[in-house]
Amino acid sequence: MTGHGAKLGHKKESAIVALLSHRSIEDAAREVGIAPKTLMRWLKDPEFDAAYREARRAAFSQSIARLQQMSGAAAATLGKVMVDPNTPASTKARAEDSILDHAAKAIEIEDIEARLAALEAATGKDGARR
């Protein structure tokens, strides 16, 4: 979790895991067997805070990956709702609006990516001018 050469001890690493899996600092502290005040003090420590933020980013990244994996099924569901003759008109309209909105955003992102790639090619991949 904290990488090679990390200076955090076992209790602090356990506290990070507990913070990620419990609803409150009190619950996380109880899980690790420390006082909530101790955990609050650790959260103010730059090294602990950095390790905690890194763990949160990793957890969030996994969530984003799950959403991306499910996006195909979500698009198929929206399409089925939109074309189903038994779907209420208001629900169809919402599905249509959602599909159009996401399609437009996808085109915008592709355009931005193409423009960024052209800029990177003109300036060098690292962004420095040649």
J.: To the nearest 0.5 angstrom, please state how far the CD atom of E31 sits from the OG atom of S21.
T.: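 Those atoms lie 6.5 Å apart.
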
J.: Output the distance between atom CG (L78) and atom NE2 (H102), rounded to the nearest 0.5 Å.
T.: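 The NE2 atom of H102 is 7.0 Å from CG of L78, to the nearest 0.5 Å.
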
J.: For R41 and D45, what are the C-alpha separation, side-chain angles and deciding distance, and is it a salt bridge (charged side-chain N to carboxylate O under 4.0 Å, His left out)?
T.: CA-CA 7 Å; R41 190 176 67 250; D45 174 58; over 6 Å; no

J.: Set out, in order, the CA-CA distance, both residues' side-chain angles and the distance that settles side-chain contact (heavy atoms from CB on, under 4.5 Å) for V32 and L39, then state yes or no.
T.: CA-CA 10 Å; V32 180; L39 187 49; over 6 Å; no

J.: Donor-acceptor pair, distance only, cut-off 3.5 Å: does the side chain of S71 make one with the backbone of Q68?
T.: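 Checking the backbone N and O of Q68 against the side chain of S71, a donor-acceptor pair under 3.5 Å is found.
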
J.: Minimum heavy-atom separation for K11 to G33, with atom names?
T.: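 Closest heavy-atom pair between K11 and G33: NZ-O, 3.9 Å.
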
J.: Does the structure place the NZ or CZ of R56 under 6.0 Å from the centre of the six-membered ring of Y52, at an angle of no more than 45° from the ring's axis?
T.: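 Yes, R56 lies over the aromatic ring of Y52.
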
J.: Indicate yes or no for a side-chain donor-acceptor contact from T87 to the backbone of V81 under 3.5 Å, with no hydrogens or angles considered.
T.: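 The answer is yes, because a donor-acceptor pair under 3.5 Å joins these two groups.
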
J.: First locate atom CD of E26, then atom NZ of K37, and finally report the distance between them rounded to the nearest 0.5 Å.
T.: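 Separation between the atoms: 11.5 Å.
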
J.: With sequence neighbours left out, what residues match R94 under side-chain hydrogen bond (donor to acceptor under 3.5 Å, both in side chains)?
T.: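 Expected list: D97.
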
J.: Which residues pass the side-chain hydrogen bond (donor to acceptor under 3.5 Å, both in side chains) test with K105, not counting sequence neighbours?
T.: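 K105: side-chain hydrogen bond (donor to acceptor under 3.5 Å, both in side chains) contacts with D101.
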
J.: Kindly work out whether a path of hydrophobic side-chain contacts (I/L/V/M/F/W/Y, heavy atoms less than 4.5 Å apart) joins F60 to L20.
T.: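 F60 and L20: separate clusters.
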
J.: So does D84 get a backbone contact from the side chain of K92, meaning a donor-acceptor N/O pair under 3.5 Å?
T.: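 A pair under 3.5 Å: yes.
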
J.: Once ring-ring contact (aromatic ring centres under 6.0 Å, His included) is applied, what residue pairs with a partner in residues 15-43 remain, sequence neighbours excluded?
T.: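 Non-adjacent pairs meeting ring-ring contact (aromatic ring centres under 6.0 Å, His included): W42-F48.
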
J.: Do T38 side-chain atoms and I34 backbone N/O form a donor-acceptor pair below 3.5 Å?
T.: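 Not at all, since once roles are kept as given, no pair shorter than 3.5 Å links the two residues.
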
J.: Using the rule given for side-chain contact (heavy atoms from CB on, under 4.5 Å), can you reason through I25 versus M40, listing the C-alpha separation, both sets of side-chain angles and the distance that settles it, and then say yes or no?
T.: CA-CA 8 Å; I25 290 173; M40 291 293 291; 3.2 Å; yes

J.: Working to the nearest 0.5 angstrom, can you tell me the gap between S24 OG and D27 CG?
T.: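 Interatomic distance, S24 OG to D27 CG, rounded to 0.5 Å: 3.0 Å.
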
J.: Any ion pair linking D111 and R115 (charged N to carboxylate O, less than 4.0 Å)?
T.: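 No, this pair does not count.
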
J.: Is there a side-chain contact between S61 and I64 in this structure, where contact means two heavy atoms from C-beta onward sitting under 4.5 Å apart?
T.: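 Side chain of S61 against side chain of I64, heavy atoms only: no contact under 4.5 Å found.
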
